[in-house]
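All heavy atoms count here, side chains included; hydrogens, waters and symmetry mates do not. Being a predicted model, the structure only gives us computed values, none of them experimental.
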Amino acid sequence: MKATIPPLPVVEVAVSAPIDRLLSYLVPETLAEQILIGSRVMVPLGRRQVVGYVLGWGETEPNELKEVTELLDAAPLFHQQHARFYQRAADYYAYPIGAVMRAALPSGLSGKQRAPAILTDSFYAPTAMTGEPRGERQRAILAAVRASGGELLSALRKQFETPHAALKRLVELGFLEVSLVERRRDPFLGEVIPHPVPALNGEQQQVLDRLTSFIDQLPGFAPALLHGVTGSGKTEIYLQSIERVLARGRQALVMVPEIALTPQLVARFRGRFMDGAVRLAVLHSGLSDGERYDAWRAVAAGEVDVVIGARSAVFAPLPRLGLIVVDEEHDASYKQSESFRYNARDLALLRGQQQQALVLLGSATPSLTSYHAAGSERWTYLSLPFRGTGVPLPEVRLIDMSAESASSGLSSSLVESLMATVAAGEQALLLLNRRGYAPFLLCYDCGATLRCPNCAITLTYSRVNGELRCHYCDFRIKPPSQCERCGGPNLLPEGQGTERLEEELHKLLPEARIARMDRDTTTRKGSHLKLIEAMTAGEIDVLIGTQMIAKGHDFPKVTLVGVMNADAPLNLPDFRSSERVFSLLSQVAGRAGRGERAGRVLIQTYAPDHYALEHVVRHDYAGFARFELAQRECLNYPPYGYLANLVFSGNDLAQVEAAAAAVQCGLVSFNSPVEILGPAPCLLARLRGKYRMQILLKASRRPPLRGLLTWLKGRECRVPAGVTLAIDVDPLDMF
Ligand code: ADP
Ligand code: ZN
């Protein structure tokens with residue numbers, strides 16, 4: 001009898017193109033054994049060849065199908081569980097799956113795998129062999145390697161002239177083992193802070209016990225919010241939970257808002273996990289494409305126990321994930337604000353559900369969304385109300401600027417406190433959330449300001465750089481000497497940015513060592529770290545900065561925190577502005593008094609009666625949340641309602657308006673319970689040369705909102721060429 005030929009397998013592929021569904025391809029016989037879920041392949045699409053990711057097996061209908069052209073990597077880059085997660089993410093955010101894959105996988109994966117261009121170094125480690133070799137030189141080198149527990153060749157070269165022959169002999173004799181290690185220019189390497197393991201206090205122990213009970217039940221999804229005041233020992237809880245997760249043979253993913261801003265945290269993790277057998281991968285922006293690719297493959301192969309990374313680490317393909325930590329979960333940088341607009345915090349929860357893991361969100365100022373969720377039955381709410389060191393939270397005082405005498409925006413009380421702090425040999429932080437010298441140049445003759453030609457915004461003046469610059473599109477010009485409109489000579493900087501504050505503070509405190517930390521002073525690699533090190537070493541008395549200085553730093557000698565212009569953001573037309581102000585001020589206040597001495601916080605404001613500020617003074621998160629949540633509920637805003645923002649943009653305003661109007665018509669015809677607000681010009685009505693209109697969708701339940709989004713994604717409602725429609729599900733900014 002003739003054997004029937006088994007049908008060739010069909011794979012479902014996400015292609016790198018704006019296509020909302022998976023495409024089916026036939027696997028050619030030559031690749032049948034090698035192609036798996038998670039494989040990266042080349043496939044034909046029209047007349048092109050594009051990269052695709054195999055996400056599943058398909059139905060056999062060979063006649064109509066094209067074949068996979070090529071397999072790009074030896075091993076799959078993720079597993080089936082991850083494939084499902086990526087698809088759910090695409091679905092949730094109404095974003096094409098191929099583009100989701102592009103965001104999820106490390107960049108530099110566009111072409112065929114290139115030869116790794118990583119510098120390596122030989123690492124010599126002592127073996128268990130006892131006794132001594134004969135040669136004197138060999139003995140000396142062996143003693144050095146034994147003393148340090150292992151040395152890089154590059155390090156040995158510094159101690160011994162041309163040690164190579166002796167090392168070779170020591171390896172032959174079995175005294176040393178040699179392995180190759182990657183030598184990276186890794187800003188986090190070599191910078192390990194040994195951090196003593198503190199004995200947990202009662203509250204910490206209770207929290208850890210609760211978490212341990214979930215860890216003991218892994219696999220199993222459990223969402224938890226760790227609400228701990230600044231310095232309460234959240235990081236310590238993360239570390240000890242991770243140890244327990246690893247002990248159960250599972251892996252951990254730790255997410256931080258911006259890894260470049262958190263070298264201290266990363267160093268603590270390295271310090272804790274360095275000596276053991278724990279394999280730690282830090283995914284950060286300093287990695288080259290090749291290194292990123294290698295790290296990704298190691299993770300997918302299950303060779304990494306703990307991954308630390310920012311937003312995009314939520315896609316890291318850990319196969320035995322037991323715990324996801326989202327540190328500073330309230331931080332807005334978890335939300336990607338362009339193209340694939342996901343929120344890594346929310347995806348962490350989705351992922352935990354999918355991989356049956358414990359998801360631990362930590363913050364001193366939880367997002368109201370998480371805080372509200374944590375009140376539900378499914379969640380666990382954990383609280384650390386006191387500082388680990390036992391020092392009380394700092395005293396916070398509001399300075400009513402309408403009643404105080406001030407020079408250059410600095411009240412006399414703040415100046416006096418700064419002087420006293422510096423005189424006492426302590427440190428101060430000064431927050432002004434606006435960089436540059438001044439937010440704009442103003443013509444004192446006709447009132448004109450200098451605006452960006454591409455964006456609906458004034459140009460920020462930087463004296464240090466001698467230029468005017470747009471912080472959105474990076475347009476730059478030299479400051480003109482006269483007004484473009486009236487020709488007058490009186491163009492003067494108006495308002496205050498960090499540069500100007502620094503200049504003025506130098507005048508007021510000529511003896512003090514003053515430094516500035518903002519995007520402008522931290523663009524060069526390592527410059528941020530240098531500032532942190534200088535602060536830690538006590539080489540800076542006053543550090544001025546934007547919200548960057550509020551992020552998680554632990555400077556024990558800071559006893560004073562000053563805040564300029566605290567209420568400016570309260571005037572923004574955004575329902576989250578109070579939450580943001582409360583959070584930023586509480587966070588920056590939390591930088592004071594982390595050492596042995598208690599701290600003080602002075603907040604300058606024109607709105608001392610605002611509830612957000614009043615609650616900051618009392619360190620009363622719960623009170624603020626109660627008040628704010630009640631308002632949100634009335635207005636049906638998140639976390640009670642659900643939002644999606646549709647942003648239309650294009651070079652031609654009439655075309656953008658027409659497209660937005662057409663979509664609005666379509667949406668209205670559905671008669672759905674979703675509120676359709678707009679179209680209206682975006683707050684930033686022009687950005688990078690494009691006009692922008694938005695339609696805000698607001699619903700009290702998610703399903704009808706999803707219904708509309710599905711329709712939008714479909715073919716019926718393609719906006720005309722020249723106009724782009726971006727869908728922002730759960731938007732954070734109303735720009
Ligand atoms: P968070 O992450 O909440 O800001 P950390 O874990 O960084 O808190 O702890 C803040 C400081 O308090 C650290 O220096 C830490 O070593 C110390 N600390 C935490 N728990 C204790 C404890 N039980 N006893 C003594 N010191 C502690
Ligand atoms: Zn611009």
Side-chain angles (χ1 to χ4, degrees), residues 198 201 203 227-236 262 264-265 328 363-365 384-399 410-433 501 505 509 512-515 517 531-532 534-566 581-605 608 612-621 624:
N201 62 35
E203 286 90 11
H227 181 187
V229 299
T230 49
S232 58
K234 294 184 291 295
T235 312
E236 194 52 44
T262 41
Q264 289 176 314
L265 181 111
E328 309 291 2
S363 176
T365 54
L384 291 174
F386 308 111
R387 285 195 161 170
T389 51
V391 175
L393 284 170
E395 176 210 342
V396 181
R397 195 157 73 75
L398 299 181
I399 299 175
L410 281 156
S411 64
S412 40
S413 341
L414 183 49
V415 173
E416 277 161 29
S417 299
L418 282 167
M419 284 175 172
T421 304
V422 173
E426 295 167 0
Q427 292 174 314
L429 293 179
L430 199 47
L431 170 74
L432 172 61
N433 207 6
L501 181 60
L505 212 58
L509 304 172
R513 294 163 300 172
I514 298 167
M517 182 193 276
L531 280 170
I532 289 184
M535 239 349 239
T536 309
E539 293 158 14
I540 297 172
D541 299 314
V542 183
L543 181 66
I544 295 172
T546 53
Q547 36 115 16
M548 246 188 219
I549 59 167
K551 298 213 172 185
H553 306 301
D554 196 6
F555 302 129
K557 274 177 66 190
V558 169
T559 53
L560 175 68
V561 166
V563 180
M564 314 278 292
N565 236 345
V581 166
F582 177 85
S583 178
L584 176 63
L585 296 187
S586 304
Q587 289 288 345
V588 77
R591 303 308 118 207
R594 292 173 72 92
E596 283 144 22
R597 304 212 45 192
R600 282 207 320 139
V601 183
L602 296 175
I603 299 176
Q604 298 192 163
T605 176
L613 301 187
E614 285 181 338
H615 285 100
V616 170
V617 170
R618 296 201 294 267
H619 299 289
D620 184 6
Y621 176 90
F624 171 76

Heavy-atom pair of closest approach, residues Val601 and Ala592: CG2-CB, 4.2 Å

CG on Leu509 to CG on Asp541, rounded to 0.5 Å: 9.0 Å

Other residues, nucleotides, ligands: >12 heavy atoms within 6.0 Å of Glu539 CD: yes

Nearest heavy-atom neighbours spanning Ser417 and Leu602: OG-CD1, 3.3 Å

Interatomic distance, Leu501 atom CG to Ile544 atom CD1 [nearest 0.5 angstrom]: 4.0 Å

Any side-chain heavy-atom pair of Gln587 and Ser363 under 4.5 Å: yes

Distance, nearest 0.5 Å, that separates CE of Met535 from CG of Leu543: 5.0 Å

Donor-acceptor contact below 3.5 Å, side chain Arg591 vs main chain Val561: no

Euclidean distance, Leu429 CG relative to Phe555 CZ, rounded to 0.5 Å: 7.0 Å

Arg387 side chain vs Gly593 backbone, donor-acceptor pair below 3.5 Å: yes

Side-chain heavy atoms of Glu426 within contact of Leu560, under 4.5 Å: no

Sub-4.5 Å side-chain heavy-atom contact between Leu418 and Leu430: yes

Exercise: identify the closest heavy-atom pair between Ser586 and Thr365: CB-CG2, 3.5 Å

Approximate separation, where rounding is to 0.5 Å, of Met419 CE and Thr421 OG1: 11.0 Å

Side chain proximity check, Val563 to Leu584, heavy atoms < 4.5 angstrom: no

Option from Leu414, Leu431, Asn433 for which side chain to side chain contact (heavy atoms under 4.5 Å, CB included) with Met564 holds: Leu414

Side-chain donor/acceptor of Lys557 to backbone N/O of Gln427, under 3.5 Å: no

Glu328 side chain near Lys551 side chain, heavy-atom distance below 4.5 Å: no

Test side-chain contact (heavy atoms from CB on, under 4.5 Å) applied to Ser413 - qualifying residues, sequence neighbours left out: Arg397, Ile399, Glu404, Ser411

Phe624 and Phe582 aromatic ring geometry - parallel, tilted or perpendicular at 30°/60° bounds: parallel

Spatial distance of atom CD1 (Ile532) from atom CD1 (Ile540) [nearest 0.5 Å]: 10.0 Å

Closest non-hydrogen atom pair between Pro608 and Glu614, with its separation: O-CG, 4.0 Å

Shortest non-hydrogen contact between Gly590 and Thr230, atoms and distance: CA-OG1, 3.2 Å

Over all atoms of both residues, closest heavy-atom pair of Ala566 and Leu585: CB-CD1, 4.0 Å

Any residue meeting salt bridge (charged side-chain N to carboxylate O under 4.0 Å, His left out) with Arg594, in chain and number order, not counting sequence neighbours: Asp554

